[in-house]
**Student:** 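The structure follows.
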2 protein chains.
Amino acid sequence: MYKQAQLEAFRKGIAQFVTFNDAEWKIFTPYVSFSILSKKEHFAVEGKVCDYMCFITSGAVRYYHIKDGQEITGYFSFENELMSAYKSFLKRTPNTNYIQALEETALVMISYQNLQQMLNHPILALKMERFGRLIAEYYICCYEDRVTAFITQSPEERYITLEKTGKNIFQRIPQHFIANFLGITPVSLSRIRKRTLLQ
Amino acid sequence: MYKQAQLEAFRKGIAQFVTFNDAEWKIFTPYVSFSILSKKEHFAVEGKVCDYMCFITSGAVRYYHIKDGQEITGYFSFENELMSAYKSFLKRTPNTNYIQALEETALVMISYQNLQQMLNHPILALKMERFGRLIAEYYICCYEDRVTAFITQSPEERYITLEKTGKNIFQRIPQHFIANFLGITPVSLSRIRKRTLLQ
DNA sequence: CAAAAACCTTATCTTTTGTTAACGTTTTCA
DNA sequence: TGAAAACGTTAACAAAAGATAAGGTTTTTG
């Protein structure tokens, strides 16, 4: 995909948060860069500070932790979604997890430094603060739902919910990653699937 | 506590996010109001849009859902912390849970309307956007940790972590609420406590 | 102050999940 | 293309959690 098309996808993708007029967009775009992750390539690793906030124009990534030598997948992001090791990026602290491309993945990226410059730019500042606020608020709502699911639902109920609302995630993501995401083991997910099919 | 003292506590409490100089504070304070919740009084209930964002100057509250007629406590907030039915407040949608005072609780409050006015106020706007962004980012980091705990830890591990880091929460909050918060039943928490004591 | 409510523990039984391993299929990649 | 790795299912057993109920203590409240 050409950069121009990626930029347009980016602009459209963030329109739910904030819209830039052409003059603002002209100031904005020089601050962004582009990158492509090949399959299995890492965007972020444990111990390193994450320097970029990204928008995925195509592809998919998974977020995972390593605990007792085992990988545990906690989240996924797909095309037209934002991606970052948020906490590390915002707090400038070493990252505690990994982000890895599940497919070849194309990114539009903003570095932390450039973001700071935009936040200090006389014309962009207010809009960028708002952008940051709305993104963060958006994620809070997602997280709130996720925590609520862990608190109020059984693994089986969480699976059913995901199956209903998770688009075609089961077609796209290996099942054992999804099991981790649901907070259970792959074996347990396999059983749940069998159980719920029979009913 | 006198309102002046509450305001000072509020100012100090939000200083981790943003600091107001005296001139700004003078503009700021007329937008806030005060309230006291008596024990067991609800600040927010299911189905109603939450109109206030609060700072707790003294007391404590719990957040809970009702599922199949049962109350399930998902979170707590204490003095010097912010409190709101965030999602409802931000999105102007009916709230899906309850917030109830565990003790008599004193609040400094900002209404949604007043917040919007501050966000449009020429002097306050930028700082308020930043305030909102930093609060949201702060909560994202908290939520991220919470979800990570559900993904990577067993109930027993989550209990041990809470016992280590949860200050004196076990002295202050009924244990069956804490069980919900950990994602398990009260009976199960009682067993875990016995188990971990014996070791 | 006394009755009622709330709370924690314990016991019993059931259900679910975790663990480990084996097996067959599919995918990957050198 | 062919060996290796990855993946999903199933089985068997162990461990943990859920459900329900009973009992005793503490707290609440009229």
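Just so it is clear: chains get the letters A, B, ... in the order the sequence lines come, proteins before strands, and each one is counted from 1.
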**Student:** Parallel under 30°, tilted from 30 to 60°, perpendicular over 60°: which one fits the rings of A/Phe89 and A/Tyr112?
**Tutor:** perpendicular

**Student:** Counting only side-chain N and O atoms of A/Lys39, is one of them less than 4.0 Å from OP1 or OP2 of C/dT28?
**Tutor:** yes

**Student:** Mark up nucleotides 3-17 of chain C, 5' to 3', with B wherever a protein heavy atom is under 4.0 angstrom from a base atom, S wherever such an atom reaches only the sugar-phosphate, and - elsewhere.
**Tutor:** ----SSSBBB----B

**Student:** Give, for atom OH of A/Tyr64 and atom CD1 of A/Ile72, the distance between the pair rounded to the nearest 0.5 Å.
**Tutor:** 12.0 Å

**Student:** Which residue in the set A/Tyr63, A/Tyr75, A/Tyr139 passes ring-ring contact (aromatic ring centres under 6.0 Å, His included) when paired with A/Tyr86?
**Tutor:** A/Tyr139

**Student:** Would you kindly give the CD-to-P distance between B/Gln153 and C/dG18, to the nearest whole Å?
**Tutor:** 15 Å

**Student:** Which pair of non-hydrogen atoms, one from B/Pro94 and one from B/Val49, has the smallest distance, and what is that distance?
**Tutor:** N-CG2, 3.9 Å

**Student:** To the nearest 0.5 Å, what is the distance between CG (B/Asn114) and CG (B/Leu119)?
**Tutor:** 11.0 Å

**Student:** Less than 4.5 Å apart, side chain to side chain, heavy atoms only: is that true for A/Tyr143 and B/Ile140?
**Tutor:** yes

**Student:** If we fit an axis to the first five pairs and another to the last five of the helix from C/dC1-D/dG30 to C/dA30-D/dT1, what angle do they make, to the nearest 10°?
**Tutor:** 60°

**Student:** Please report the shortest heavy-atom distance between A/Ala101 and A/Leu37, naming the atom on each side.
**Tutor:** CB-CB, 3.9 Å

**Student:** Below 4.5 Å, heavy atoms only, C-beta onward: do A/Leu162 and A/Phe170 meet side chain to side chain?
**Tutor:** yes

**Student:** Quickly work out the A/Leu102 CG to C/dT27 C1' distance and round it to whole Å.
**Tutor:** 15 Å

**Student:** Could you check B/Glu79 against B/Arg172 for salt bridge (Lys or Arg N to Asp or Glu O under 4.0 Å), going step by step and ending with a plain yes or no?
**Tutor:** CA-CA 12 Å; B/Glu79 59 279 334; B/Arg172 206 163 163 189; 2.7 Å; yes

**Student:** Taking any atom under 4.0 angstrom from a heavy atom of chain A, which nucleotides of DNA chain D are the first and last to qualify, 5' to 3'?
**Tutor:** D/dC7 to D/dA12

**Student:** Would you say that B/Ser84 contacts B/Cys50 through its side chain, given a criterion of any heavy-atom pair below 4.5 Å between the two side chains?
**Tutor:** yes

